[in-house]
Every structure is written in structure tokens, then in C-alpha cells.
Amino acid sequence: MTTLADLIAVLDAAYPPHLAESWDSVGLVCGDPGDEVERVLFAVDATAEVVDEAIAWRAQALVVHHPLLLRGVDTVAADTPKGALLHRLIRAGCALFSAHTNADSADPGVSDALAAAVGLTVTGPLDPRTAAPLDKWVVYVPRTHTEALLSALFAAGAGAVGDYRECAWHTGGTGQFRPLPGANPALGVVGAVERVAEDVVEVVADPGARARVLAALRAAHPYEEPAFHLTERAPLPSSLGIGRVGTLDRPQSLREFTARVGAALPRTVWGVRAAGDPDRVVERVAVCGGAGDSYLNTVLRRGVDAYLTADLRHHPVDEHLRRHGPALIDAAHWATEFPWCAQAEGFVRAALPTVETRVSTLRTDPWTVAAGAAEAP
């Protein structure tokens with residue numbers, strides 16, 4: 001039997017919750033992790049129509065990108081719009097789960113799906129997250145106490161690297177010291193040089209564990225004055241982060257690339273529009289699923305030819321073009337994030353093959369009418 005907890009584990013592995021922004025609300029909104037799951041529906045938004053589809057299809061889980069309860073709420077009463085949806089889902093035995101900014105920053109994530117849809121070969125994130133700094137501890141210890149020291153350091157939280165624990169490096173050598181008057185050496189005598197078979201032990205640890213690791217080191221080490229040193233690794237760029245940069249299989253004009261985007265993404269009333277010289281050559285492109293105008297300065301620095309995103313506004317675009325930035329392609333918010341649904345479905349299908357999955361084809365883009373569209377002269 002596949003449970004909701006199994007589904008959550010797959011989604012959390014693909015889109016780790018710790019990648020979510022501090023203001024975000026991701027994960028399980030309603031549902032019992034112990035309940036059985038046979039059908040899962042994927043969508044960008046939990047609108048009333050999508051909830052209708054999930055219930056009619058008898059899905060036990062609805063997985064969405066946009067959180068239903070992002071802003072603070074003090075009621076989910078059934079006579080409120082969002083409360084009514086939650087009550088309907090709960091009564092139907094359908095859980096609700098969201099992966100939002102954690103899916104934006106994951107690798108692969110929302111922007112990878114967008115890049116693939118428009119034919120980009122991704123070379124890296126637009127705005128990389130930096131890997132957290134790590135402490136590196138190097139300790140010199142008599143070989144007779146190496147294992148005891150390692151055990152103490154591991155218990156204090158050192159030696160964790162990704163999905164591995166008790167990671168360390170140690171190699172042998174000869175240490176020497178001469179105790180001065182007033183010393184109380186564990187080995188040797190005051191005034192004489194002592195040479196000892198020692199190991200050099202190296203481990204990494206989170207900087208937040210620094211006090212615990214130091215206390216464990218001193219407690220487990222036999223020397224009155226343990227010899228050690230500590231360095232901090234600089235934050236490093238990673239494959240995680242918002243947006244993606246990639247290259248097209250062949251150069252195109254901005255006009256041609258805009259048409260390519262329009263053909264690749266689901267059609268909306270908003271459509272796809274571009275700002276810049278229609279004949280500008282486009283080969284290196286940045287993309288950001290969802291609202292991406294906060295990264296206009298970033299794309300300027302990255303030296304791309306064009307930037308595809310959503311929800312661009314008049315004044316930021318005007319200022320960007322005055323600075324001779326890359327061309328801008330603006331698509332509907334929903335359309336730029338819709339390719340993620342198939343990506344998330346793929347993770348679940350691969351990990352839980354007995355679960356039936358489906359991507360909702362309902363257009364949850366809120367715009368419904370357009371008029372007067374025209375190309376610039």
C-alpha cells in the first residue's frame with residue numbers, strides 16, 4: 001500500500017523544504033499521512049475547478065505549485081472561499097500538498113522544466129544559491145586515542161557530508177613537544193622533548209556546532225593542550241537557485257524566439273510578448289518561471305541575449321531597455337510554471353509506479369479576455 005507519507009517523501013526529496021524562502025508556505029496543507037494514495041493530480045493552482053477535477057477523478061492527493069494558504073489566515077471556515085475548498089477536499093478524502101519556492105530553487109526545478117519546454121540546454125542557475133559554509137577541523141591526536149576522539153566528534157555533529165555520516169580523514173605521523181615548567185603533560189616529562197606516534201584527524205562540521213565540537217574535542221583528547229586548528233570554507237555557488245541560463249540549439253531572431261516560446265507553452269489570453277529589437281540575435285537565454293522582474297539586474301550582469309519570465313511591468317522594462325539590457329520575453333505566469341507539473345508527475349511515477357497520476361489541463365491563468373493586440377511598428 002502506498003500512503004500519503006510515501007508521496008510526501010518523494011516530493012520532499014525532489015523539492016527539499018529547506019530550499020523554500022522564509023516567507024513561503026510549502027508542504028502538506030490537509031490530509032492524513034497514513035491514508036492510502038492511489039491517484040494523484042498535479043496542477044499549478046488549487047482553484048475551485050481544479051478541486052472539482054480532483055474530486056471527480058477520485059484523487060487522494062492534489063499536488064500544486066502555488067500554496068493555497070500563503071498569506072496568514074485566522075480562519076478556514078467553510079463560508080470563506082479558500083476554507084470552502086479545504087472542506088471539500090477533506091470531505092472527499094483528498095490531500096493538498098504544495099511545492100513552491102522550494103521547487104523554484106531545486107535542481108531540477110520549475111525553471112528547468114521551462115527551459116526544456118522552449119529548447120534550452122541549461123548551463124546553470126540564473127541566481128545560484130550558495131552552499132552553506134562549513135567548518136573544517138584538523139586535530140592532532142595520539143594514535144591510541146584516534147577512535148575515541150572520532151566518536152566524540154561524530155556525537156557532537158561533526159563528520160556529516162550530504163547523505164553521509166561519520167566522514168573523516170586521518171593519516172599517521174610523528175608529533176613532538178617539550179613541556180615547560182608548570183605543564184602537566186599526559187605524556188613525557190617537563191623539560192624533555194617527547195615524540196609521539198600521532199594521527200592527523202580531519203572532519204567537517206556546521207558552524208552552528210562549533211561550541212559542541214570544541215567541547216567534545218577537549219573532553220576526548222588526552223593532552224592538556226590539544227593541538228588543532230579550525231578553518232571555515234567560503235560559501236560556494238551550487239546548481240541550486242532561482243532561474244536558469246542556457247543556450248539554444250541555433251541562433252534565432254528575437255521575433256523567431258518569441259514565436260518559439262508561444263508555440264512551446266500552453267496558450268493563454270495573456271499570450272507571449274517581447275521587448276527589444278525584433279531582429280536581435282538570440283542564442284544565450286535566461287529563464288525564470290513565474291514573476292521574475294526582480295532579476296532584471298542579474299540578467300544584465302549575466303550577459304544573456306534574452307530573458308524569458310512572467311509578470312513584467314512597464315517601468316522596470318523601460319528602464320531595463322534604456323540600460324541596453326537583454327531582450328525581454330513576457331509570458332503568462334501560469335504558462336511559465338505549467339511545465340513543472342509534468343516534471344513533478346515524473347518524479348512520482350518513477351518512485352511510486354503503482355500510483356496513477358495525471359496533470360490537470362485546466363487553464364488556471366486568471367486572464368479571460370484580450371483585445372487590441374498589435375505589434376510595435
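Values below: all heavy atoms of this structure, side chains included; hydrogens, waters and symmetry mates excluded.
When atom types are taken as modelled, the side chain of H87 and the backbone of V76 share a donor-acceptor pair closer than 3.5 angstrom. A donor-acceptor contact shorter than 3.5 Å is absent between the side chain of T171 and the backbone of V200. Using a distance-only test at 3.5 Å, with no hydrogens or angles considered, no donor-acceptor pair links the side chain of D45 to the main chain of T47. Side-chain atoms of K82 come within 3.5 Å of backbone N or O of L68 as a donor-acceptor pair. The closest donor-acceptor contact from the side chain of E198 to the backbone of Y140 lies at 3.5 Å or more, if one exists at all. No side-chain donor-acceptor contact under 3.5 Å links D330 to the backbone of R273. Looking only at distances, no side-chain donor or acceptor of D12 sits under 3.5 Å from a matching main-chain atom of A9. R244 places no side-chain N or O within 3.5 Å of a backbone atom of A115 that could act as its donor or acceptor partner. Here the side chain of R233 pairs no donor or acceptor atom with the backbone of K136 at under 3.5 angstrom. Side-chain atoms of D24 do not come within 3.5 Å of backbone N or O of S22 as any donor-acceptor pair.
Nearest heavy atom pair, residue I329 against residue A306, reads CD1-CB, 3.6 Å. For the residue pair A220 and A152, the shortest heavy atom distance occurs at CB-CB, 3.5 Å. The two atoms that bring A332 and A310 nearest to each other are C-CB, 4.0 Å, heavy atoms only. A pairwise comparison of heavy atoms in P133 and P207 identifies O-CD, 3.3 Å as the closest pair. Contact record, V272 with G262: CG2-CA, 3.8 Å, taken as the closest heavy-atom pair. Shortest non-hydrogen contact noted between V50 and T364 is CG2-CG2, 3.6 Å.
For the pair D249 and T121, the minimum side-chain heavy-atom distance is 4.5 Å or more. Within the 4.5 Å cutoff, the side chain of P108 has heavy atoms near those of the F347 side chain. Residues L214 and F228 meet the side-chain proximity criterion, which asks for heavy atoms closer than 4.5 Å. Counting only heavy atoms from C-beta outward, the side chains of D279 and R255 approach each other to under 4.5 Å. Between I242 and S111, every side-chain heavy-atom pair lies at or beyond the 4.5 Å cut-off. Using a 4.5 Å heavy-atom cutoff, the side chains of V141 and P222 are in contact. No side-chain heavy atom of L265 sits under 4.5 Å from any side-chain heavy atom of F338. V118 is listed as a side-chain neighbour of L308, based on a closest heavy-atom distance under 4.5 Å.
Under the 4.5 Å side-chain heavy-atom criterion for grouping Ile, Leu, Val, Met, Phe, Trp and Tyr, V287 is not connected to V304 through any hydrophobic cluster. Under a hydrophobic-cluster definition in which Ile, Leu, Val, Met, Phe, Trp and Tyr are linked whenever side-chain heavy atoms come within less than 4.5 Å, directly or via other members, F42 and W57 are assigned to different clusters. Cluster annotation: V110 is not connected to L19 through the hydrophobic network of ILVMFWY side chains, with a link wherever side-chain heavy atoms come within less than 4.5 Å. Hydrophobic clustering keeps L69 apart from V63 (ILVMFWY residues linked when any side-chain heavy atoms are closer than 4.5 Å, directly or through intermediates). V201 and L230 fall within a single hydrophobic cluster, where Ile, Leu, Val, Met, Phe, Trp and Tyr are joined by side-chain heavy atoms under 4.5 Å apart, directly or via other members.
Ring geometry for W340 versus H65: interplanar angle of 30 to 60°, hence tilted. Aromatic ring orientation, H66 versus H100: perpendicular (interplanar angle above 60°, classes split at 30° and 60°).
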(request) Apply the test side chain to side chain contact (heavy atoms under 4.5 Å, CB included) to residues F257 and R280: give CA-CA distance (whole Å), side-chain angles for both, the deciding distance (0.1 Å), then the verdict. (result) CA-CA 10 Å; F257 180 62; R280 176 173 182 160; over 6 Å; no
(request) Could you walk me through whether V196 and Y223 pass side chain to side chain contact (heavy atoms under 4.5 Å, CB included), step by step? (result) CA-CA 12 Å; V196 183; Y223 288 174; 3.7 Å; yes
(message) Determine whether L126 and V299 satisfy the following criterion, side chain to side chain contact (heavy atoms under 4.5 Å, CB included), listing intermediate values before the conclusion.
(response) CA-CA 7 Å; L126 170 62; V299 297; 3.7 Å; yes
(request) Please test F154 against L150 for side chain to side chain contact (heavy atoms under 4.5 Å, CB included), starting from the C-alpha separation and ending with a verdict. (result) CA-CA 6 Å; F154 296 152; L150 285 172; 4.0 Å; yes
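In this model, no donor atom of one side chain and acceptor atom of the other lie less than 3.5 Å apart for T101 and D104. A donor-acceptor contact closer than 3.5 angstrom is absent between the side chains of T174 and R195. Inspection of the T146 and D199 side chains reveals an N or O donor paired with an N or O acceptor under 3.5 Å.
Annotation: the span from L153 atom CG to R212 atom CZ amounts to 12.0 Å, rounded to 0.5 Å. Atoms OG1 and CZ, on T2 and R39 in that order, are 14.5 Å from each other to the nearest 0.5 Å. Summarising the geometry, atom CG belonging to D365 is positioned 13.0 Å from atom CZ belonging to R267; distances are rounded to the nearest 0.5 Å. The line from CD of E319 to CG of D293 is 13.0 Å long, rounded to the nearest 0.5 Å. Atom CG of L85 and atom CG of L62 lie 10.0 Å apart (nearest 0.5 Å). Here the OG1-CG distance, from T298 to L296, works out to 8.5 Å after rounding to the nearest 0.5 Å.
In this structure, V161 shares a hydrophobic cluster with L134, V204, the cluster being traced through Ile, Leu, Val, Met, Phe, Trp and Tyr side chains under 4.5 angstrom apart. M1 shares a hydrophobic cluster with no other residue; no ILVMFWY side chain has heavy atoms under 4.5 Å from its own.
Residue pairs meeting the side-chain hydrogen bond (donor to acceptor under 3.5 Å, both in side chains) criterion with at least one member in residues 302-311, sequence neighbours excluded, are D311-H333.
Annotation for R178: atom CZ does not count as buried by contact number, only 12 or fewer foreign heavy atoms lying within 6.0 Å.
The residues R58 and E356 are annotated as not salt-bridged, no charged nitrogen and carboxylate oxygen being separated by less than 4.0 angstrom.
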